[in-house]
Chemist: 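Got a structure for you, written out below as structure tokens; questions coming shortly.
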Amino acid sequence: MKKTTIKDIAKEANVSIATVSYILNNVKTQSISDETRVKVLKIAQQLKYVTNRTAQSLKIKKTGLIGIILFKEEKQHVWSDLKYAKAIFKLEQLCSELGYHVLFMQIDSMTPSNKIIMERNLDGAFLINVDQDRFSTISNYFGFGVPVFVMDSYIDNSLFHKVLPDFEQSFHLSQRLLGESPQFLIMDSYNNVELMEFIKQKSNLDENQIYVSDNTASNMNTFLSQFPDSPGMVVNEFLANEVFKTHKKIVAICTCDCSEILRDDMYQIKFNLNDYKGVVRMMDRYIQDVDYVKKEKFFFLSPQS
């Protein structure tokens, strides 16, 4: 395989070879816009440009900052503010144990500018519940060698790692708990449409057996009326509590890490927050390694009953 050169980067970025050299060597005497700098560093990452030992400074200077960036849902549910609270707390704790400071941000349609991310010069970032369009925009603000992990999002790009609950194993475990095949799935909504399609596919249910919450109780009850006394699965424990009022034979898949709100007599599947330790350690390894050229990977959180 042909090794990427700065000439290749210059051609792709539509800038001069000299400009690429200045940016990669972090030359301070040249006046180059932040937008051009980030663009060139990003293309270097995408083309898997490999630096030599004398060029380790061409990664954006380390600040010890890791960003946790939560993308708010357009349609807020009553549980939206709690949905990722424990996951964020755990990530912050684990990053702090490794000596990082964590910068938490929420992004919504009213956010004036994504440039604050570039200005903070993050060493790495976790993007939570991000849709494909906003990801495509915001990922341009991360430079060469800055690892970006997406959580609860299915991004079709091999440069970025995906951290997801293991829905497939959760659905298999649900069947064992119920003692028979589930006949329906009620699931939480996500910003990321691709993730919702991924969950539906892993359920092995038909579209008419799946209901995506729209925060309307009457619609959900109408859906449930098609499955009297049938076993089912509910993704999100807050939703499961609502379903359990009228439908007892369900398994709650606790994607919000709030299983304590459930009744003791409800089947439930939880995820171990300590699994995030492996995720944070992986992030740390990439931050320490200037060559961020690993193959695409998924990191699945293990379910347990």
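Heavy atoms only: backbone and side chains are in, while hydrogens, waters and symmetry mates are out.
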Chemist: Taking atom types as modelled and ignoring hydrogens, do the side chains of D257 and Y84 form a donor-acceptor contact shorter than 3.5 angstrom?
Modeler: no
Chemist: Quick check: do K83 and D188 have side-chain heavy atoms less than 4.5 Å from each other?
Modeler: yes
Chemist: Please name the residue in the list D123, D284, T63 that meets the side-chain hydrogen bond (donor to acceptor under 3.5 Å, both in side chains) test with Y100.
Modeler: D284
Chemist: Does either side chain, that of D131 or that of Y190, offer a donor lying less than 3.5 Å from an acceptor on the other one?
Modeler: no
Chemist: What do you reckon, are the aromatic ring centroids of H247 and F227 less than 6.0 Å apart?
Modeler: no
Chemist: Could you state whether L239 and F171 fall into the same hydrophobic cluster, counting links through intermediate Ile, Leu, Val, Met, Phe, Trp or Tyr residues with side-chain heavy atoms under 4.5 angstrom apart?
Modeler: no
Chemist: Less than 4.5 Å apart, any side-chain heavy atom of M233 and any of I186?
Modeler: no
Chemist: Between I23 and T36, is the side-chain contact (heavy atoms from CB on, under 4.5 Å) condition met? List the steps.
Modeler: CA-CA 9 Å; I23 293 170; T36 299; 4.2 Å; yes
Chemist: Scan side-chain atoms only and decide if N221 and S218 contain a donor-acceptor pair under the 3.5 Å cut-off.
Modeler: no
Chemist: Report the residues that fulfil ring-ring contact (aromatic ring centres under 6.0 Å, His included) with F244, sequence neighbours left out, ordered by chain and then residue number.
Modeler: none
Chemist: Charged N to carboxylate O below 4.0 Å: is that the case for E260 and K86?
Modeler: yes
Chemist: Taking L94 as the starting point, is it possible to reach F89 by hopping between hydrophobic residues whose side chains are less than 4.5 Å apart?
Modeler: no
Chemist: Tell me, yes or no, whether the heavy-atom count around Y211 atom OH, taken from other residues, nucleotides or ligands under 6.0 Å, exceeds 12.
Modeler: yes
Chemist: Quick one: pull up CE in M196 and CG in D152 and give me the separation to the nearest 0.5 Å.
Modeler: 11.5 Å
Chemist: With a 6.0 Å cut-off on ring centres, are Y154 and F298 close enough?
Modeler: yes
